[in-house]
Amino acid sequence: QVQLVESGGGLVQPGGSLRLSCAASGIMFSIYTMAWHRQAPGKQRELVAQISSGSSSMYADSVKGRFTISRDNAKKTVYLQMNSLKPDGTAVYYCNVSPTNYWGGGTLVTVSS
């Protein structure tokens with residue numbers, strides 16, 4: 001049974017930083033591309049970043065230079081370091097095994113002063 005559990009969300013001021021974590025179980029983690037998506041209120045879910053099994057990464061244009069995705073295969077965990085957060089970063093952030101339908105339950109990030 002595949003489980004993805006996100007953590008690290010919370011309230012942060014504009015310009016601040018947060019680090020999200022997603023712990024996976026029930027899969028051979030190291031062979032999969034892992035992704036972070038987000039869904040802001042009233043908007044569609046969008047891809048934020050993804051990292052391949054070989055640790056090649058890609059980012060949405062809106063977060064390039066501010067967010068960093070990384071993975072620790074030994075811990076079966078993928079991370080999203082978010083710096084210089086903006087109010088439009090307010091969303092529920094979801095972890096995903098790409099390109100499967102395995103999703104975590106999400107963690108809420110609120111960027112507000």
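One is the number of the first residue; the rest follow in order along the sequence.
Atom CD of residue Glu6 and atom CG of residue Asn96 lie 9.5 Å apart, to the nearest 0.5 angstrom. Expressed to the nearest 0.5 Å, how far OG of Ser55 lies from CG of Asn73 amounts to 6.5 Å. Separating the CD1 atom in Ile31 from the OG atom in Ser52 is a distance of 12.5 Å, to the nearest 0.5 Å. Of the inter-residue distances, the one linking Thr77 atom OG1 with Met34 atom CE reads 9.0 Å to the nearest 0.5 angstrom. To the nearest 0.5 Å, the span separating OG on Ser17 from CG on Asn83 amounts to 3.5 Å. With rounding to the nearest 0.5 angstrom, the OG1 atom of Thr68 is 8.0 Å from the CG atom of Leu80.
Residues Val111 and Gln13 form no side-chain contact, since every pair of their non-hydrogen atoms from C-beta on lies 4.5 Å or further apart. Side-chain atoms of Val97 and Ile27, non-hydrogen and from C-beta on, do get closer than 4.5 Å to each other. Using a 4.5 Å cut-off on side-chain heavy atoms (C-beta onward), Leu11 and Ser112 make contact. With a 4.5 Å cut-off on side-chain heavy atoms, Trp36 and Met82 do not count as touching. Between Thr33 and Ile51, every side-chain heavy-atom pair lies at or beyond the 4.5 Å cut-off. In this structure, Cys95 and Val78 have side chains that are in contact, with non-hydrogen atoms separated by less than 4.5 Å. The closest side-chain heavy-atom distance from Leu85 to Leu18 is below 4.5 Å.
Smallest separation of non-hydrogen atoms from Ala24 and Phe29: CB-CD1, 3.7 Å. Between Leu108 and Ala91, the shortest heavy-atom contact is CD1-O, 3.6 Å. Smallest separation of non-hydrogen atoms from Ser30 and Ser53: O-CB, 3.2 Å.
Placement of Trp103 and Val92 within a single hydrophobic cluster is found when ILVMFWY residues are connected by side-chain heavy-atom separations under 4.5 Å, directly or transitively. Neither Ile69 nor Tyr94 shares a network with the other; the hydrophobic side chains, linked directly or stepwise wherever heavy atoms of I, L, V, M, F, W or Y lie under 4.5 Å apart, form separate groups for each. A single hydrophobic cluster is seen to contain both Leu20 and Tyr59, as judged by linkage of ILVMFWY side chains at heavy-atom distances under 4.5 Å, directly or through other members.
Ring-plane geometry between Tyr93 and Phe67 is classed as tilted, the angle between the planes lying from 30 to 60 degrees on a 0 to 90 degree scale.
Partners of Glu46 by side chain to side chain donor-acceptor pair (under 3.5 Å), not counting sequence neighbours, listed by chain and number: Arg38.
Remark: Arg71 is not positioned above the aromatic ring of Tyr79, lacking an NZ or CZ atom under 6.0 angstrom from the ring centre and at most 45 degrees off the axis.
One N or O on the side chain of Thr107 and one on the backbone of Gly9 form a donor-acceptor pair closer than 3.5 Å. No donor-acceptor pair under 3.5 Å is formed between the side chain of Tyr32 and the backbone N or O of Thr100.
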